[in-house]
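Any value given below was found using the heavy atoms of this structure, including those in side chains, with hydrogens, waters and symmetry copies removed. Labels below follow one simple rule: chain letters A, B, ... track the order of the sequence lines, proteins then strands, and each chain is numbered from 1. What you see is a predicted model; the values in this text were computed from it and never measured.
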Amino acid sequence: MNNNLNFADIILPLPLAGVYTYSIPDEFKNQMAIGKRVVVPLGTKKLYTGIVQALHNNAPADYKVKDILSCLDDFPVINNFQLKFWDWISQYYQSVLGDVYKAAIPSGLKLESQTKIILNEEFVADNALSKTEDQILNILSKSKDVSIASLNQATGLKNTLPQIKSLLDKGAVVIEEHISSGYKEKKQEFVSLHSNFTEEEIGEILNGLKRAKKQQELLYSYLNLSKHYFEEKPEKVSSNELLKSVDCSRAILKSLVDKNILKFYFEKLDRLDLSSINTTGLKELNPHQEIAINEIRDNFEHKNCVLLHGVTSSGKTEIYIHLIEEQLKLGKQVLYLLPEIALTTQIINRLKSVFGNKVGVYHSKFNDSERVEIYNNVLENKTDKAYQVILGVRSSVFLPFNNLGLIIIDEEHENTYKQFDPAPRYHARDAALYLANLHGAKTLLGTATPAVESYYNAQTGKYGLVELFKRYQEIEMPEIIVADIKEARRRKMMKSIFSPELMSHMTESLENKEQIILFQNRRGYAPYLECKSCGWVPHCPNCSVSLTYHRHNNLLVCHYCGHGMTPPNNCEHCGSSGLEDRGFGTEKIEEELLSYFPEAKVGRMDLDTTRKKNAYEKLIYQFEKHELDILVGTQMVSKGLDFDNVGLVGILNADSMLNYPDFRAYERSFQMMAQVSGRAGRKKKRGKVLIQTYTPEHEIIKNVVKNDYFEMYSSQIAERKEYIYPPFYRLINISLKHKNQRLVNEAANYFANSLRKIFGIRVFGPQSPVINRIQNSFIVNILLKIEKKSSPAKAKWILNQQANFLKEIEKFKSIQINFDVDPM
DNA sequence: AGCACGCCGACT
DNA sequence: GTCGGCGTGCTC
């Protein structure tokens, strides 16, 4: 603690390469420690919350250092594991440390400076002020400092900056930078007696309220709720609770407070529910699970990572729970990763029933303050209150663990584990393996359809492999039916997107009161609109994609940049008025279902219906309780949700996945179809899966029908080897971005050529991606394939060097270059 | 990321 | 002639 070091290297929450050095004023010297947050100035006016990365005495020679302004913490908020982990992420995924910092910390812990406007009291106007200027000064005279955002709000103007600037020039206001915390403690208002009244006094007061019936009633209710006559110390009574108990307005309560009979007080409220929960203990494992768990333990003896390949509903979760229990007994923390928020709702109940409030959930649908509290809970790791098990999505790998014993990565094949934009472009599965390594912890990968890379690692002995092919409670695997929609189309048998087979099976299921899940990987109403007479299709003005039509708000939306517009009445090309929707999104399927099955209750689960915080939970709950007969959804419905009464699963268009231009398209299609199929048929009887396709003879479709993972794997791994793809080669995608298409192409050609001089045939491209324009910038990709055995660090170093050379060329210096290591 | 600096077009 | 548009480069 006590040290005499003069300088600190600070990580700033900005896309800057490297750390910045600041001097430590004497007053903070004893307080400074690695991992604490400090406030530092940058540039002329901005203040940022930085993290102390190192302390030293090396005075920088070539620039003038600035002072650290304040130290925010008594104890470090970033531990050494995290700092090492950040370093690894930044190195491996070629992103700057500042970007990792931004991704790793809930923003409530990153205080940001905000410009505050302050009234200059001495100001006297010599010229008349404009109306808005007057208004602003009025607002300022009421409260002493106001942010620009709240000024905009108060004046009702979009932008008050010009007026502020003019007031600033006249000397009427002063501007100051304030650092403010986004995190606020949640407070609750409570009520108590104003003072320790004696019984007689209370009697008098009640008597005095004879003519104020409501107030009297309220006071009685308070005495009742606080158990005034029974307990030595009154129970806490919140204002809300009190008001609810007698159904009266706040004004009544206020008058009792004004009469000094009652008083308000506030208490910090924990957002996290830490109340104790009744737990049921462990369920016993069946013999197959017992064998599997023993194999996992054996493998962990000499391997750090084990792949558990278990068919859908083989009871993997129960195995996880037993392994978690073992770690908790050892006093270790466990991280349980899931690919999707939706899944946390189902799993959390099972975990809570065993581990009670030792389980915490972490994902982005929590608001920032809640995330700060979870972060702090893990950081403080107080024995009585701490979460020992964290159930979370991708970003949970950044929580401040200090004693991890096990990381479970469920549905490890899911590509949502890979972050694409913004940087750091990390893969949570791979990063978790490194994190486990740091803690000396073990990693368990679980899935019914392993990623080809993971299965390869298991086959070659890098990971342990444990397979579990028996379904829990001996449920049969579903029957898989393939419907040829090409044939049905030809014979004009299709009812919109539904084949005759699907129609009859749906009718049957509904008659049997069984539920149906339909899977279509397009959200919105129609993927595009098309002009009947000339074929014109409305495109996004900023990106090179057609706009998706959303019926519920009558909007054409770009799924890449979010641009929205009302659909034109006339074709912009030929002027005719016949714009028709083409293709099927989930929204349209929902509508069609209602017209074919007017009795059925239909729910839809996609990005649009699950934006709100509890929307997932609600949909899942409704479906579980059979308040819905049919659930239509995008890939969200495929991911490990467990329902008891699904008789039929329909995959509406298998080809759209198979034809995706990516070397993983077949693997992904297999996984998707196998996973969706796993949703069918649970407890009572064998379920059915119906796959609609134009190519029923496709090898992947056949693999799915036979439920033959290994055959899919074998053919894929052969292809990967032949066409030099992972797991044999490491991929790095280099994307160049610029507003000028000609320039970006020229730069990409130049860059690819200079890379070829070093990497030879390992360089592919430049290639224009299918969507080559996003938000008005043109994109060109270059792909680099490096042998698995050669040093990736060296290749990355060369890449960086070459990128710097490119930037030195005058005309290319505004080209943006991004690396994506292990792209998906 | 934000902000200052600096260089060109449309205005009093 | 100036105001302000955005392109460029720097911030310890």
Side-chain angles (χ1 to χ4, degrees), chain A residues 5-25 28-29 32 34 36-71 90 95-105 107 109-117 127 130 147-149 159-166 168-170 175-180 182 421-424 542 736-744 747 775-778 803-804 806-818:
Chain A
L5 300 170
N6 294 310
F7 300 100
D9 291 343
I10 307 297
I11 307 169
L12 291 164
L14 297 173
L16 299 169
V19 289
Y20 277 37
T21 303
Y22 288 84
S23 56
I24 310 168
F28 302 137
K29 278 206 172 122
M32 253 339 117
I34 290 170
K36 286 190 180 181
R37 296 174 302 158
V38 290
V39 178
V40 291
L42 186 74
T44 42
K45 40 179 61 151
K46 275 278 156 182
L47 307 179
Y48 289 97
T49 315
I51 305 290
V52 182
Q53 192 218 36
L55 299 166
H56 56 82
N57 260 330
N58 315 319
D62 41 1
Y63 53 85
K64 218 177 136 236
V65 288
K66 284 184 182 165
D67 271 354
I68 286 173
L69 296 180
S70 67
C71 180
S90 118
S95 56
V96 297
L97 206 48
D99 278 337
V100 183
Y101 166 33
K102 270 203 292 191
I105 298 296
S107 43
L109 290 174
K110 294 181 300 240
L111 319 178
E112 278 204 41
S113 81
Q114 219 187 9
T115 311
K116 296 273 189 182
I117 321 291
N127 288 319
S130 79
S147 74
I148 292 173
N159 182 11
T160 48
L161 278 176
Q163 286 83 3
I164 292 169
K165 193 172 179 305
S166 118
L168 195 62
D169 292 342
K170 288 173 188 154
I175 276 178
E176 208 173 272
E177 287 292 304
H178 269 283
I179 215 109
S180 63
D421 246 349
N542 311 317
L736 289 85
K737 217 157 125 185
H738 197 268
K739 289 214 166 78
N740 182 332
Q741 187 169 25
R742 228 193 57 252
L743 191 71
V744 75
Q775 297 195 15
N776 282 323
S777 279
F778 288 91
N804 288 335
L806 184 78
K807 295 256 187 179
E808 276 168 26
I809 298 168
E810 188 60 30
K811 61 180 169 179
F812 293 146
K813 64 183 169 197
S814 58
I815 301 266
Q816 284 179 63
I817 306 178
N818 279 323

Participant: Mark yes or no for whether Lys807(A), through its side chain, and Ile815(A), through its backbone, hold a donor-acceptor pair below 3.5 Å.
Facilitator: yes

Participant: Which nucleotide in the list dT8(C), dA1(B), dC12(C) gets nearest to the side chain of Lys813(A)?
Facilitator: dT8(C)

Participant: Under the 3.5 angstrom rule, does the side chain of Asn6(A) hit a backbone N or O of Asn57(A) as a donor-acceptor pair?
Facilitator: no

Participant: Within the side chain of Tyr22(A), is there an N or O that forms a donor-acceptor pair under 3.5 Å with the backbone of Pro41(A)?
Facilitator: yes

Participant: So, do Leu806(A) and Leu736(A) sit near enough that their side-chain heavy atoms are less than 4.5 Å apart?
Facilitator: yes

Participant: Check every atom of dC12(C), dT11(C), dT8(C) against the side chain of Ser814(A) and return the nucleotide holding the closest atom.
Facilitator: dT8(C)

Participant: I need the CG-C1' distance between Leu42(A) and dG9(C), as an integer number of Å.
Facilitator: 13 Å

Participant: Please answer whether the main-chain N or O of Gly43(A) pairs with a side-chain N or O of Lys66(A) as donor and acceptor at a distance below 3.5 Å.
Facilitator: yes

Participant: Please work out if Leu16(A) contacts a base, only the sugar-phosphate, or nothing of the nucleic acid, heavy-atom cut-off 4.0 Å.
Facilitator: base

Participant: Measure the distance from CG on Leu97(A) to P on dA1(B) and round it to the nearest whole Å.
Facilitator: 16 Å

Participant: What I want to check is whether an N or O donor and acceptor connect the side chain of Tyr63(A) with the base of dC12(C) at under 3.5 Å.
Facilitator: yes

Participant: Looking for any heavy atom pair under 4.0 Å, which part of the strands does Pro13(A) touch: base, sugar-phosphate only, or nothing?
Facilitator: nothing

Participant: Rounded to the Å, how far apart are Gln816(A) CD and dG9(C) P?
Facilitator: 14 Å

Participant: Using only side-chain N and O atoms of Lys64(A), determine if any of them is under 4.0 Å from OP1 or OP2 of dT11(C).
Facilitator: no

Participant: Quick one: Lys102(A) NZ to dA1(B) C1', roughly how many Å, whole number?
Facilitator: 6 Å

Participant: Which pairs, protein N/O on one side and nucleotides 4-6 of chain B N/O on the other, fall under 3.5 Å?
Facilitator:
none

Participant: OP1 or OP2 of dG2(B) sitting under 4.0 Å from any side-chain N/O of Lys46(A)?
Facilitator: no

Participant: Just wondering, do Phe812(A) and Leu743(A) contact through their side chains at under 4.5 Å, heavy atoms?
Facilitator: yes

Participant: How many Å lie between CG on Leu47(A) and P on dC12(C), as a whole number?
Facilitator: 11 Å

Participant: Whole Å only: how far is the NE2 atom of His738(A) from the C1' atom of dT8(C)?
Facilitator: 11 Å

Participant: Rounded to whole Å, please give me the gap between NZ in Lys807(A) and P in dT8(C).
Facilitator: 11 Å

Participant: Report the residue from Val19(A), Ile34(A), Ile51(A) that forms a side-chain contact (heavy atoms from CB on, under 4.5 Å) with Asp9(A).
Facilitator: Val19(A)

Participant: Just the rounded figure in Å: distance from C1' of dC10(C) to CG of Asp62(A).
Facilitator: 14 Å

